[in-house]
**Q** 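Could you have a look at this structure, given as structure tokens, before my questions?
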Amino acid sequence: MTCIFCSIARGETHSYIIYEDELNMVFLDIYPVSKGHLLVIPREHYESIHDTPYKLLARTWFLSSILGRIYRVEFDAPGVNIVTNSGGAAGQVIFHFHVHVIPRWGRYGGFWSGRHRLTEDEAREVIDMWRDKTGIIIDALNNI
Ligand code: AMP
Ligand code: ZN
């Protein structure tokens, strides 16, 4: 079975990486609903939130929360959604556990409204935004 997110975690499929460590990776969703829509994954393959061992789940969820807080506090986003889909009936399409971190920059027009194909320019802009935030992420992770 081939899993696209395992392939991204191994560095075999290209992604726009925002942050990575030995346990997790954060990269840009290729069909973002807003500028800066992130996906947070454990490097190891687990089908959904409900298959992921507790410690890794806690770490992945905490990392997602840190990223959301950085959007709210550092980037002044007026809102952020932090969500995971479990099961096809809930809209899960990629069966490798991942958390969506979706900053909201303006009026809320519905959960998936504004979805578009990620462009190279947009990806570069978001990567630049996050370039100097790695230290904040690591400091927060060390405070678990
Ligand atoms: P879900 O519906 O929760 O399974 O979401 C899967 C997400 O993965 C969708 O938002 C897709 O746009 C995104 N996605 C699929 N393939 C890739 C990829 N190769 N790189 C980045 N994001 C992807
Ligand atoms: Zn996988």
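Order of listing sets the numbers, starting from 1, for every ligand and every atom in it.
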**Q** Which of the numbered atoms in ligand 1 are below 4.0 angstrom from a heavy atom of Tyr31?
**A** 12 (O)

**Q** List ligand 1 atoms under 4.0 Å from Ile94, heavy atoms only on the residue side.
**A** 4 (O), 6 (C), 8 (O), 15 (C)

**Q** For Ile4, take its heavy atoms, then give the atoms of ligand 1 lying under 4.0 Å from any of them.
**A**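 Contacts of ligand 1 toward Ile4, numbered from 1: 19 (N).
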
**Q** For the Zn ion (ligand 2), what is the closest N, O or S atom on His96?
**A**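 Atom name of the closest N, O or S in His96: ND1.
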
**Q** Give a yes or no on whether Glu44 atom CD has more than 12 heavy-atom contacts from other residues, nucleotides or ligands under 6.0 Å away.
**A** no

**Q** Counting each atom of ligand 1 from 1 as listed, which ones have a heavy atom of Arg115 under 4.0 Å away?
**A**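 Answer, ordered by atom number: 9 (C), 10 (O), 11 (C), 12 (O).
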
**Q** Just by modelled atom types, is the Gly87 backbone N or O under 3.5 Å from a matching donor or acceptor in the Gln92 side chain?
**A**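 Such a contact is found between Gln92 side chain and Gly87 backbone.
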
**Q** Without swapping roles, check the side chain of Tyr54 against the backbone of Leu57 for a donor-acceptor pair under 3.5 Å.
**A** no

**Q** For the Zn ion (ligand 2), find the closest N/O/S atom on His45 and give its atom name.
**A**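 The Zn ion (ligand 2) is closest to the His45 atom ND1, counting only N, O or S.
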
**Q** Which atoms form the tightest heavy-atom contact between Phe97 and Ile49, and what is the distance?
**A** CD1-N, 3.4 Å

**Q** Heavy-atom distances under 4.0 Å are what count here, so tell me which part of His37 touches ligand 1: side chain, backbone, both or neither.
**A**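 The answer is neither.
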
**Q** Suppose I only count heavy atoms of Leu39 and a 4.0 Å limit; which atoms of ligand 1 are within that range?
**A** 8 (O), 13 (C), 22 (N)

**Q** Is the backbone of Ser48 close enough, under 3.5 Å, to the side chain of Asp51 for a donor and an acceptor to pair up by distance?
**A**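 Yes; judged by distance alone, with no hydrogens or angles, the pair exists.
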
**Q** For Trp105 together with Phe75, are the ring centres under 6.0 Å from each other?
**A** no

**Q** Which residue owns the protein heavy atom closest to atom 14 (N) of ligand 1, what's the atom, and how far is it?
**A** Ile30 CG1, 3.9 Å

**Q** Looking only at protein heavy atoms, which one is nearest to atom 2 (O) of ligand 1, and what is the separation?
**A**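 That would be Gly91 O, 2.7 Å.
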
**Q** If you count the atoms of ligand 1 from 1 in the order shown, which ones are under 4.0 Å from a heavy atom of Gln92?
**A** 2 (O), 4 (O)

**Q** Of all the heavy-atom pairs spanning Asn24 and Pro42, show the shortest one and how long it is.
**A**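 So the minimum-distance heavy-atom pair works out to ND2-CA, 3.6 Å.
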
**Q** Side chain, backbone, both or neither: which part of Val93 has a heavy atom under 4.0 Å from ligand 1?
**A** both

**Q** Taking 4.0 angstrom as the limit and counting only heavy atoms of Asn85, give me the atoms of ligand 1 inside it, by number and element.
**A** 1 (P), 2 (O), 3 (O)

**Q** Could you check whether any side-chain N or O of Arg72 sits under 3.5 Å from a backbone N or O of Ala77, counting only pairs where one atom can act as donor and the other as acceptor?
**A**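 Confirmed, Arg72 side chain pairs with Ala77 backbone.
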
**Q** Looking at His98 versus His100, is the centre-to-centre ring distance below 6.0 Å?
**A**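 Ring-ring flag for His98/His100: true, centres closer than 6.0 Å.
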
**Q** Among Thr84, Ile8, Asp29, Ile102, whose heavy atom sits nearest atom 11 (C) of ligand 1?
**A** Asp29

**Q** Using a strict cut-off of 4.0 Å, indicate which atoms of ligand 1 neighbour a heavy atom of His100.
**A**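 Checking each atom against His100, I get 1 (P), 3 (O), 5 (O), 7 (C), 10 (O).
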
**Q** Heavy atoms only: give me the nearest Arg69-Ala140 pair and the separation to one decimal.
**A** NH2-CB, 3.9 Å

**Q** What part of Tyr16 sits under 4.0 Å from ligand 1 if we count only heavy atoms: the side chain, the backbone, both or neither?
**A**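 Tyr16 to ligand 1: no contact under 4.0 Å from either part.
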
**Q** Does at least one non-hydrogen atom of Thr13 fall below 4.0 angstrom from an atom of ligand 1?
**A**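 Distance cut 4.0 Å: Thr13 fails for ligand 1.
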
**Q** Tell me which protein heavy atom sits closest to atom 1 (P) of ligand 1, plus the residue, atom name and distance to 0.1 Å.
**A** His98 NE2, 3.1 Å

**Q** Which of these passes side chain to side chain contact (heavy atoms under 4.5 Å, CB included) with Leu39: Ile8, Ile102, Ile18, Asp29?
**A** Asp29

**Q** In Å, rounded to the nearest 0.5 Å, how long is the span from CG of Asp21 to CZ of Arg43?
**A** 7.0 Å

**Q** For Phe95, which part has a heavy atom under 4.0 Å from ligand 1: side chain, backbone, both, or neither?
**A**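 Under 4.0 Å from ligand 1, Phe95 contributes no heavy atoms.
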
